[in-house]
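One structure is given below, encoded as structure tokens.
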There are 2 protein chains.
Amino acid sequence: MNRQILVVEDEAPIREMITFVLEQNGFNAIEAEDYEQAKAKIVEPYPDLILLDWMLPGGTGVKLAKSLKQNEYTRSIPIIMLTARADEDDKVKGFDAGVDDYVTKPFSPKELIARIKAVIRRVSPTALEEAIEFHGMKLDPIAHRVSINDRSLDLGPTEFRLLHFFMTHTERVYSREQLLDNVWGTNVYVEDRTVDVHIRRLRKAITGEGHEDFIQTVRGSGYRFSGKLKTSA
Amino acid sequence: MNRQILVVEDEAPIREMITFVLEQNGFNAIEAEDYEQAKAKIVEPYPDLILLDWMLPGGTGVKLAKSLKQNEYTRSIPIIMLTARADEDDKVKGFDAGVDDYVTKPFSPKELIARIKAVIRRVSPTALEEAIEFHGMKLDPIAHRVSINDRSLDLGPTEFRLLHFFMTHTERVYSREQLLDNVWGTNVYVEDRTVDVHIRRLRKAITGEGHEDFIQTVRGSGYRFSGKLKTSA
DNA sequence: TGATGTGTGTAATATAAATGTCATAAAAAG
DNA sequence: CTTTTTATGACATTTATATTACACACATCA
């Protein structure tokens, strides 16, 4: 599954060149030419990385970076700043905004790709392989094991991925379509309702110690994985 | 509110099949069989998405895509290319023309619909909504949760939307019709009085800590959500 | 190769929740 | 005290979700 990279750059030729290079290298590029468009495209499923032009009109480049780093949900998206100046002050300002790396224009495609890969490598393996614990539930992606209070459970592959996704994305509602995108993959075409069935299977599997209540139905919206149990009705 | 999709495809059987699939899935299909027809049909109100055959006679498919992406008004209409070849060069050319996605013929109806939905989902801004707080009431659109002084409460979908609207539009009277427009959506046919009932339900749900008084009846006008409590009559 | 088991997606059915409308009570306005 | 407007509770209908059953695809192993 290709990584999605959002390219925020106002100059069309540069933006298209970058997009081209990205596509050539197996990335999936999304384009935005200004602050507004960028904001609009930073939605679920979030891009894996953002290439952000420093010199967006009105200095909105840094503004965007700051705003993303301040939001709980977008904070973890790595950002690489594109800048024409090699100015030290600018670098400082950029890193201050929480930017992950810098590329100075003009840059070679090779350099760009290398930096992107470096950042992704630095950021993502932890997220993907680290064992997670949540209210007595443990999930170890490497060993492919799940346990509740040290009693190990037996999940099918899909249920495992679903639980993994939930445990790494708690306290937030996901529509069936979003779950399909994130758990099944973007190019898989199954019915929305299939999600219900897998939710059911997962709930069944984690039933016993009340953990099934962590998977909450949000009527009309989707499902949420949460440690805050509903006030008993 | 069905999405309008323009199908540009010269082969009638394929075009009709696509149209059929679209209609089946709740979309509103418009057909065009060549460059000229397509151009003629891309007028206000613009279609929500265009399915464009790559191999239109005379290579006019890419031409059309480029022309649309160069025009300020049509640039934002997402385009999905239909192509018989899985050729890499073609993909690059297509993406270069700003196309949003690709579907390779032959494709399954399911795949087509899924891609359309994915593109629409990606393009239409679900906006990163921030949590709102108002006098101890918290509403988090992302988690889809409401709480009063950290005691979480559960609301039906309509009550949730209604409260969300109120919390983002405080200190102002809204007529029942305005509320219907904003919370239910325009072109929905329900009685004005239905609003009363939902107001009632919402009040009931937030009762307990005096917050129900925030929803104020303005006789003859409608309702207002306000932190300034009425002086006791 | 065939038998067996597992995992998946889909469709059918059951269950539950939410919605809109009405009838009636209560409250304000004049 | 009469009229107008809003509040409230009940109900039928509609809509959404839960659950079950089943068929098919794959892999494994005899």
Side-chain angles (χ1 to χ4, degrees), chain A residues 144 146 153-164 173-181 183-185 187-207 212-225 230-233, chain B residues 24-26 108-111 113-114 144 146 153-165 173-181 183-185 187-207 212-225 230-233:
Chain A
H144 210 272
V146 187
L153 359 153
D154 175 50
L155 298 180
T158 305
E159 280 69 59
F160 184 87
R161 289 199 310 277
L162 182 57
L163 180 59
H164 186 211
V173 182
Y174 290 91
S175 69
R176 291 174 176 73
E177 288 184 347
Q178 289 176 319
L179 289 172
L180 286 175
D181 279 352
V183 178
W184 276 251
N187 298 339
V188 181
Y189 311 107
V190 293
E191 292 289 322
D192 281 10
R193 288 285 147 211
T194 298
V195 174
D196 298 32
V197 177
H198 284 276
I199 288 283
R200 153 80 173 143
R201 288 170 180 159
L202 181 53
R203 272 179 178 155
K204 204 169 184 179
I206 66 178
T207 290
E212 69 273 17
D213 295 332
F214 287 179
I215 302 175
Q216 298 165 0
T217 303
V218 180
R219 196 158 239 269
S221 301
Y223 297 95
R224 172 181 54 208
F225 192 79
K230 271 189 179 172
T231 41
S232 55
Chain B
Q24 284 285 317
N25 283 275
S108 72
K110 210 181 284 177
E111 176 183 356
I113 296 300
H144 208 278
V146 186
L153 35 126
D154 81 324
L155 301 178
T158 303
E159 281 69 59
F160 186 89
R161 289 199 308 277
L162 182 57
L163 180 59
H164 188 203
F165 178 79
V173 183
Y174 290 90
S175 69
R176 291 175 176 73
E177 287 181 353
Q178 287 175 317
L179 289 172
L180 285 175
D181 278 354
V183 178
W184 276 252
N187 64 20
V188 194
Y189 151 70
V190 282
E191 292 289 324
D192 279 10
R193 288 287 146 205
T194 298
V195 174
D196 298 32
V197 178
H198 283 277
I199 288 282
R200 153 77 175 147
R201 287 170 181 158
L202 182 53
R203 273 177 177 156
K204 203 170 185 178
I206 66 179
T207 289
E212 68 273 19
D213 296 331
F214 288 180
I215 301 174
Q216 297 164 2
T217 304
V218 180
R219 204 182 163 80
S221 303
Y223 298 93
R224 173 179 54 210
F225 192 78
K230 273 185 180 173
T231 42
S232 54

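What you are looking at is a predicted structure, and each value in this text was computed from that prediction instead of being measured. Within every chain, numbering begins at 1; the chains are lettered A, B, ... in the order of the sequence lines, protein sequences first and strands thereafter.
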- Message: Does C:dT19 have its OP1 or OP2 closer than 4.0 Å to a side-chain nitrogen or oxygen of B:Thr158?
- Response: yes

- To the nearest angstrom, the CG-P distance between A:Asp196 and C:dT15 comes to 17 Å

- B:Asp181 vs B:Gln178 side-chain heavy atoms within contact, under 4.5 Å: no

- Task: Indicate the ring-plane relationship of A:His198 and A:Trp184, choosing parallel, tilted or perpendicular according to the 30° and 60° boundaries.
- Result: perpendicular

- Item | d(CZ, A:Arg224; C1', D:dT17) in whole Å | 15 Å

- Task: Rounded to the nearest angstrom, tell me the gap between atom CG in B:Leu179 and atom P in D:dT6.
- Result: 12 Å

- Does a nitrogen or oxygen in the side chain of A:Trp184 sit under 4.0 Å from OP1 or OP2 of C:dG9? yes

- Just wondering, do A:Ile206 and A:Ile215 contact through their side chains at under 4.5 Å, heavy atoms? yes

- Would you check if the distance from the ring center of A:Phe225 to the ring center of A:Tyr174 is below 6.0 Å? no

- Decide side-chain contact (heavy atoms from CB on, under 4.5 Å) for A:Tyr189 and B:Ile113; before the verdict, give the C-alpha distance in whole Å, the side-chain angles of both, and the deciding distance to 0.1 Å. CA-CA 9 Å; A:Tyr189 311 107; B:Ile113 296 300; over 6 Å; no

- Item | Under-4.0 Å salt bridge between A:Asp196 and A:Arg176 | yes

Restricting both atoms to N or O, compile the protein contacts to nucleotides 10-12 of chain C shorter than 3.5 Å, with distance only.
unit_1, atom_1, unit_2, atom_2, d
C:dT10, OP1, B:Lys110, NZ, 2.6
C:dT10, OP2, A:Glu191, N, 2.7
C:dT10, OP2, A:Thr194, OG1, 2.7

- Item | Rounded distance (Å) that lies between atom C1' of D:dA16 and atom CZ of A:Arg176 | 8 Å

- Query: In whole angstroms, how far is the P atom of C:dT8 from the CZ atom of A:Arg161?
  - Reply: 7 Å

- Whole angstrom value for the distance that separates P of D:dT6 from NZ of B:Lys204: 21 Å

- Reckon A:Thr217 has a side-chain N or O less than 4.0 Å from the OP1 or OP2 of D:dA18? yes

- Message: Between P on C:dT15 and CD1 on A:Ile199, what's the gap in Å once rounded to a whole number?
- Response: 21 Å

- Item | B:Val146 and B:Phe160: CA distance, side-chain angles, deciding distance, side-chain contact (heavy atoms from CB on, under 4.5 Å) verdict | CA-CA 8 Å; B:Val146 186; B:Phe160 186 89; 3.6 Å; yes

- Relative to the 5' end of DNA chain D, which residue comes earlier, A:Gly220 or B:Gly220, by the nucleotide with the nearest heavy atom? B:Gly220

- Message: So B:Phe165 and B:Leu179, do their side chains get closer than 4.5 Å, heavy atoms only?
- Response: yes

- Considering only heavy side-chain atoms of B:Glu159, the closest of D:dT17, C:dT19, C:dG7 is C:dT19

Each nucleotide N or O in nucleotides 1-4 of chain D that has a protein N or O under 3.5 Å away: list the pair and distance.
unit_1, atom_1, unit_2, atom_2, d
D:dT4, O2, B:Arg219, NH2, 2.9

- Message: Using a heavy-atom cut-off of 4.0 Å across all strands, would you classify A:Tyr223 as base, sugar-phosphate, or nothing?
- Response: sugar-phosphate

- Message: If I take atom OG1 from residue B:Thr194 and atom CG from residue B:Leu180, how far apart are they, to the nearest 0.5 angstrom?
- Response: 7.0 Å

- Give the rounded distance in Å between these two atoms: CD of A:Gln216 and P of D:dT17. 15 Å

